[in-house]
Amino acid sequence: MAKDFSTREDNYAQWYNDLVLKAGLAENSAVRGCMVIKPYGYSIWEKMQGALDTMFKDSGHVNAYFPLFIPKSFFSKEASHVEGFAKECAVVTHYRLKNAPDGSGIVVDEDAKLEEELIIRPTSETIIWDTYRNWIQSYRDLPILVNQWANVVRWEMRTRLFLRTAEFLWQEGHTAHATEKEAIDEAMMILDIYADFAEKWMALPVLKGKKSPNERFAGAVDTYCIEALMQDGKALQVGTSHFLGQNFAKAFDVKFLSRKNELEYVWATSWGVSTRLMGALIMAHSDDHGLVIPPRLAPIQVVIVPIYKKTEELAAISQRALAIKESLTKRGISVRYDDRDTFKPGWKFTEYEFKGVPVRMAIGPRDMENNTVEVARRDTLEKEIYSITDIENKIGHLLEQIQNNLFQKALSFRESNTFVVNTWDEFVAQLDGEGGFILAHWDGTPETEQAIKEETRATIRTIPFDAPAEKGKCVYSGKSSAHRVVFARAY
RNA sequence: CGGGAUGUAGCGCAGCCCGGUUAGCGCGCCACGUUCGGGACGUGGAGGCCGUGAGUUCAAAUCUCACCAUCCCGACCA
């Protein structure tokens with residue numbers, strides 16, 4: 001099949017990397033740890049943005065934009081927040097360059113040193129809560145339901161395209177509320193939106209739950225998350241929603257007068273998903289033939305390839321193809337008609353397969369005679385001859401079917417890779433074998449979680465909301481536990 | 001930041017140990033012709049500061065040192 005392309009079994013990490021590069025999604029840039037997102041990759045991200053943005057707005061949120069730079073002093077106001085991010089911050093110290101006196105090039109002008117260094121945002125809680133102080137005086141100013149689409153920078157040690165880059169794109173929601181309950185409800189509602197998006201758009205089944213204290217966001221009271229399982233048996237955190245309590249309100253002195261005329265601190269949430277979703281999408285569905293993109297996120301949902309020997313044939317085929325394209329477009333399906341004569345049909349087949357286009361149509365002389373098209377679906381690689389009557393509805397249904405099939409496939413993969421484990425030996429054996437989600441008892445202490453992590457590299461991915469009550473003994477300490485949690489090795 | 005590996009044409013690699021004409025090969029690219037229902041073939045052609053910088057030498061892709069970058073495995077994280 002595709003040349004120069006690793007298989008999953010062969011080398012999973014290499015397979016992923018090849019896929020991203022060769023399908024034209026992204027590539028490494030001249031800047032360490034930062035990627036160039038190429039047009040095809042970016043168009044998938046735009047689809048994700050579009051769907052999420054609509055969901056946020058439908059639930060009452062509005063978009064705004066805050067600065068890329070944050071004064072250093074803001075960072076130290078929330079103690080655990082600074083501790084969590086200090087080690088990975090890019091810092092701006094000067095604002096001017098000059099020619100080197102010895103003519104060796106451009107150097108930093110030491111006279112242009114900033115009074116106070118600026119941090120390039122790793123996340124925007126601090127600058128936003130500093131701003132909210134001015135926006136909030138009364139309970140009537142609440143809630144504030146703001147989202148921002150932005151880039152952030154975290155100086156990561158080791159980067160991987162989409163999964164972990166020094167600069168990444170994301171959205172971060174920052175809301176302010178009058179009561180604790182309202183803030184928790186908000187954080188939970190957003191988690192539902194994320195889960196809905198993952199399952200309905202990305203065809204990616206996710207577990208919803210709470211993070212253990214060790215895995216909690218720096219500065220949060222509680223972190224809720226959605227967690228997915230990748231094909232190599234490793235977990236990927238795809239989205240988080242944090243209940244921040246009054247931590248940031250206290251740090252930035254954001255108070256409001258309640259109905260009872262009492263001065264109270266504001267309750268907060270923050271939540272985000274990033275271009276890491278691209279990594280999740282790629283790893284969840286793709287195969288050894290290349291990318292597989294769920295129809296609802298595919299920039300091109302249907303590609304039509306003409307097959308002809310002589311140019312005279314092409315005119316008639318094109319007429320047919322363009323008519324089909326128009327009827328599909330009217331039904332809201334995005335179609336590309338690829339009549340380039342510079343590539344052969346076989347080449348195009350492989351190319352679109354590699355790029356994960358959900359449906360491919362071929363129209364040749366036989367089809368012209370029989371009023372048919374050959375339809376190939378990317379998810380199963382099956383081919384079928386369709387009559388062109390009512391083609392737009394048939395293709396519409398097929399796209400829905402593919403979307404559902406991808407979700408079901410991912411779901412059954414997750415189910416068959418979720419294991420109930422009761423002893424430490426089983427626990428270790430499972431991790432060293434096929435991996436997957438491991439349901440095990442945990443005594444609830446950070447010490448045990450830390451010890452397990454050090455010995456096995458596995459972490460508690462989530463404490464599922466729907467975990468049934470079940471008395472048991474911690475796999476590590478043997479102490480009692482009320483329910484199972486989800487362990488896995490993670491990206 | 002620790003361990004390992006790799007930087008030679010757009011991509012994948014050979015050459016390096018053992019220094020010596022014009023640095024090769026496959027794919028891709030360009031032109032023309034034959035092809036076109038699963039990555040076609042022929043003929044001709046273009047394309048290289050051998051990662052960067054110092055050094056050793058009459059002579060460096062090749063030897064030495066430093067630096068930079070990338071990938072893999074850890075620690076950190078969305």
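Residue numbers start from 1 in every chain, and the chains themselves are labelled A, B, ... in the order their sequence lines are given, proteins ahead of strands.
- Using C1' as the reference atom, B/rC11 and B/rG28 are 7 Å apart when rounded to the nearest Å.
- Partners of A/Glu227 according to the salt bridge (Lys or Arg N to Asp or Glu O under 4.0 Å) rule, which considers only residues two or more places apart in sequence or in another chain, are A/Lys211, A/Arg461.
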Within the 4.0 Å limit for protein heavy atoms, which parts of nucleotides 67-72 of chain B are touched? Write it as a string from 5' to 3', B for base, S for sugar-phosphate only, - for none. ---SSS
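- Contact check of residues 292-315 of chain A against RNA chain B (heavy atom, cut-off under 4.0 Å) returns A/Ile307, A/Tyr308, A/Lys309.
- Against RNA chain B, the stretch residues 205-227 of chain A makes no heavy-atom approach under 4.0 Å.
- With pairs defined as Watson-Crick or G-U wobble and both atom distances under 3.5 Å, the stems of at least three pairs that touch RNA chain B come out as B:1-7 with B:68-74, B:10-13 with B:24-27, B:29-34 with B:40-45, B:51-55 with B:63-67.
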At a cut-off of 3.5 Å, list every protein nitrogen or oxygen paired with a nitrogen or oxygen from nucleotides 41-44 of chain B, distance to 0.1 Å.
none

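- Under the rule for a side chain to side chain contact (heavy atoms under 4.5 Å, CB included), A/Glu369 has no partner lying at least two apart in sequence or in another chain.
- The stretch residues 36-48 of chain A does not touch RNA chain B, since none of its heavy atoms comes less than 4.0 Å from the strand.
- Of all the residues in residues 273-282 of chain A, A/Ser274, A/Arg276 reach under 4.0 Å from RNA chain B with at least one non-hydrogen atom.
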Review item, nucleotides 2-7 of chain B N/O atoms under 3.5 Å of protein N/O:
none

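- Qualifying side chain to side chain contact (heavy atoms under 4.5 Å, CB included) partners for A/Ala176, counting only residues two or more places apart in sequence or in other chains: A/Trp129, A/Tyr132, A/Ile136, A/Leu142, A/Ile144, A/Val266.
- Residues from residues 370-386 of chain A with heavy atoms under 4.0 angstrom of RNA chain B, sorted by number: A/Glu374, A/Lys383.
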